[in-house]
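See structure below.
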There are 2 protein chains.
Amino acid sequence: MTAHPGKPVTGAYHGPVSACVPSHPNRRAVDGDLGWDLGIVFRAHAKAARAALGDVPGGPRGFQVLVAACAEQHGSQAAIARTLGIDRTVMTYLLDDLEAADLVRRIPDPNDRRARRLTVTPAGHQLLAELERRMAALEAELLVGLPDGERTALLAGLRRMAARLEAIDPVHDRCDLAEAVDP
Amino acid sequence: MTAHPGKPVTGAYHGPVSACVPSHPNRRAVDGDLGWDLGIVFRAHAKAARAALGDVPGGPRGFQVLVAACAEQHGSQAAIARTLGIDRTVMTYLLDDLEAADLVRRIPDPNDRRARRLTVTPAGHQLLAELERRMAALEAELLVGLPDGERTALLAGLRRMAARLEAIDPVHDRCDLAEAVDP
DNA sequence: TATTGTTATACTCTATAACTATA
DNA sequence: TATAGTTATAGAGTATAACAATA
């Protein structure tokens, strides 16, 4: 079972840009305080996801690994770790638990005896289907209250933004944006 | 100076809803994988913010406290901690550093001898102005590439969503959404 | 020499509880 | 009894470096 990590993104933070704070009188409502709203929405999603995936071995990251292992059939640990932007040492702990729960299996790569290919077990596929239902429900629940038009606009905007950010600087080391910000 | 916290939200995580992974062939592009995109955008902002606010005593949270203390003039530590959703023990460490840097001051509340009111020093105000410039630049930089229409739609959608989530369950303990998600 | 996967260690942040002093 | 603020302790999570096996 190991002692390892599991769930990242613990909790609070992120910053209001305007000189005031949400629900405060002199808050600048128009400028769309990206950082603050983003933080609220992100944390709401993260918290709901943690709750919904609580029984999955590595929590949300275990789920991610499951998803990625399913998508990249027989990818190596390292490949999948890179895809997800998680450290390979963390991947080891994660897989220890996922494998112990019979959700994935590490199979020696015949072509490269250093590597191990990941396979999702039948139980893994079954759980994955269940988890995706949960996540879809969760997402729908989060978006309740947004008119259809706004909802699609929001999702489209987020997708485009995410795509651009990924293009600039894939997953892990993302350090470019800082330079653009200079006194 | 203390040993204290500082920067939360360390790094990776958050989950793709679809059975696949970004930039992977069989990814469902239309459903707008909220969790995944949200994670990318959030982390990009968080990382840029950490870099931009690196010299501020508590990092992004120090900035937040500064902002809140400025908005809620002479609010008590506890009040501001509640506003920001940070623990009062963390607030202590944060303020130790902010006060040591002469950015805020703890002034005994004459009406309640247990409480201390926070005041932003002149140096604090000056720094705050500078930081807000940086944060605005950062936000603009993040949104580059989004057509004007999409940008306002995205910000509006985020704001509405955040407002609703805040109404459901203010800042800290946000545990309702989980119930809506049931097999 | 570089890479895959593993393990061990140290460090950072957070959560909890205990304590003082007021109310 | 409850609250404001502080302090100390233990825990979860991360990052780093070192290692063995292979390329």
Side-chain angles (χ1 to χ4, degrees), chain A residues 1-14 43 46-47 50 54 57-62 65 74-100 104-118 172-173, chain B residues 1-14 43 46-47 50 54 57-62 65 74-100 104-118 172-173:
Chain A
M1 269 291 157
T2 64
H4 63 283
K7 318 161 192 167
V9 169
T10 13
Y13 137 89
H14 237 213
R43 279 189 295 278
K47 183 158 190 173
R50 267 195 306 275
R61 295 183 89 160
V65 170
H74 307 297
S76 72
Q77 287 188 204
I80 289 177
R82 271 191 299 268
T83 302
L84 294 174
I86 64 186
D87 196 87
R88 62 185 213 270
T89 66
V90 176
M91 184 59 104
T92 297
Y93 304 135
L94 239 30
L95 287 176
D96 284 348
D97 294 355
L98 288 172
E99 198 169 25
V104 302
R105 225 162 266 144
R106 294 187 247 216
I107 298 174
D109 183 333
N111 297 18
D112 183 343
R113 291 197 342 215
R114 296 171 301 181
R116 299 166 170 224
R117 294 165 173 274
L118 295 185
H172 4 329
D173 62 83
Chain B
M1 269 292 157
T2 63
H4 63 284
K7 316 161 192 167
V9 171
T10 13
Y13 142 86
H14 237 216
R43 278 189 296 277
K47 183 158 187 171
R50 266 196 306 276
R61 294 184 88 160
V65 170
H74 308 298
S76 72
Q77 288 188 204
I80 289 177
R82 271 191 299 267
T83 303
L84 295 175
I86 65 187
D87 195 87
R88 62 186 215 268
T89 66
V90 175
M91 184 59 106
T92 297
Y93 304 135
L94 240 28
L95 287 175
D96 284 348
D97 294 356
L98 288 172
E99 197 169 28
V104 302
R105 225 162 266 146
R106 293 188 248 218
I107 298 174
D109 183 333
N111 297 18
D112 182 343
R113 291 199 340 219
R114 297 170 300 180
R116 298 167 171 222
R117 293 165 173 277
L118 296 185
H172 4 328
D173 61 83

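Values reported hereafter were calculated over all heavy atoms of this structure, with side chains retained and with hydrogens, waters and symmetry mates removed. Sequence lines set the chain letters: A, B, ... in the order given, protein chains first and strands last, and positions in each chain run from 1. What you see is a predicted model; the values in this text were computed from it and never measured.
- When the options A:Thr89, A:Leu84, A:Thr83 are evaluated for a side-chain contact (heavy atoms from CB on, under 4.5 Å) with A:Ile86, the one that passes is A:Leu84.
- With rounding to whole Å, A:Asp87 atom CG is found 14 Å from C:dA8 atom C1'.
- In this entry the distance linking CD of A:Glu99 with P of C:dG5 reads 12 Å, nearest Å.
- Note on A:Arg61: a side-chain N or O is less than 4.0 Å away from OP1 or OP2 of D:dT14.
- Here the P atom of nucleotide C:dA21 and the CG atom of B:Asp109 are 19 Å apart, to the nearest Å.
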If you restrict it to nitrogen or oxygen atoms, what contacts under 3.5 Å exist between nucleotides 2-6 of chain D and the protein, and what is each distance?
unit_1: D:dT3; atom_1: O2; unit_2: B:Arg114; atom_2: NH1; d: 2.7
unit_1: D:dG5; atom_1: OP1; unit_2: B:Gln77; atom_2: N; d: 3.2
unit_1: D:dG5; atom_1: OP1; unit_2: B:Arg116; atom_2: N; d: 2.9
unit_1: D:dG5; atom_1: OP1; unit_2: B:Arg116; atom_2: O; d: 3.1
unit_1: D:dG5; atom_1: OP2; unit_2: B:Ala78; atom_2: N; d: 2.5
unit_1: D:dG5; atom_1: N7; unit_2: B:Arg88; atom_2: NE; d: 3.0
unit_1: D:dG5; atom_1: O6; unit_2: B:Arg88; atom_2: NH2; d: 2.9
unit_1: D:dT6; atom_1: OP1; unit_2: B:Arg106; atom_2: NH1; d: 2.8
unit_1: D:dT6; atom_1: OP1; unit_2: B:Arg116; atom_2: NH1; d: 3.3
unit_1: D:dT6; atom_1: OP2; unit_2: B:Gln77; atom_2: OE1; d: 3.3
unit_1: D:dT6; atom_1: OP2; unit_2: B:Gln77; atom_2: NE2; d: 2.9
unit_1: D:dT6; atom_1: OP2; unit_2: B:Thr92; atom_2: OG1; d: 3.0
unit_1: D:dT6; atom_1: OP2; unit_2: B:Arg106; atom_2: NH1; d: 3.0

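- Here the P atom of nucleotide C:dT14 and the CZ atom of A:Arg50 are 12 Å apart, to the nearest Å.
- In summary, B:Arg82 and B:Asp87 do not engage in a salt bridge, as defined by a charged side-chain N under 4.0 Å from a carboxylate O.
- Looking at B:Gln77, B:Arg105, B:His74 one by one, the single match for side-chain contact (heavy atoms from CB on, under 4.5 Å) with B:Arg116 turns out to be B:Gln77.
- Note: CG (B:Asn111) to P (C:dT22) measures 15 Å, nearest angstrom.
- In this structure, A:Leu94 places its CG atom 14 Å from P of C:dG5, rounding to the nearest Å.
- Summarising the geometry, atom CG belonging to B:Asp97 is positioned 13.0 Å from atom CZ belonging to B:Arg61; distances are rounded to the nearest 0.5 Å.
- Ion pair B:Asp96/B:Arg106 flagged as a salt bridge, since at least one NZ, NE, NH1 or NH2 atom sits closer than 4.0 Å to an Asp/Glu carboxylate oxygen.
- Heavy atoms only, all atoms of each residue included: B:Pro60 and B:Arg50 are closest at CG-CG, 3.9 Å.
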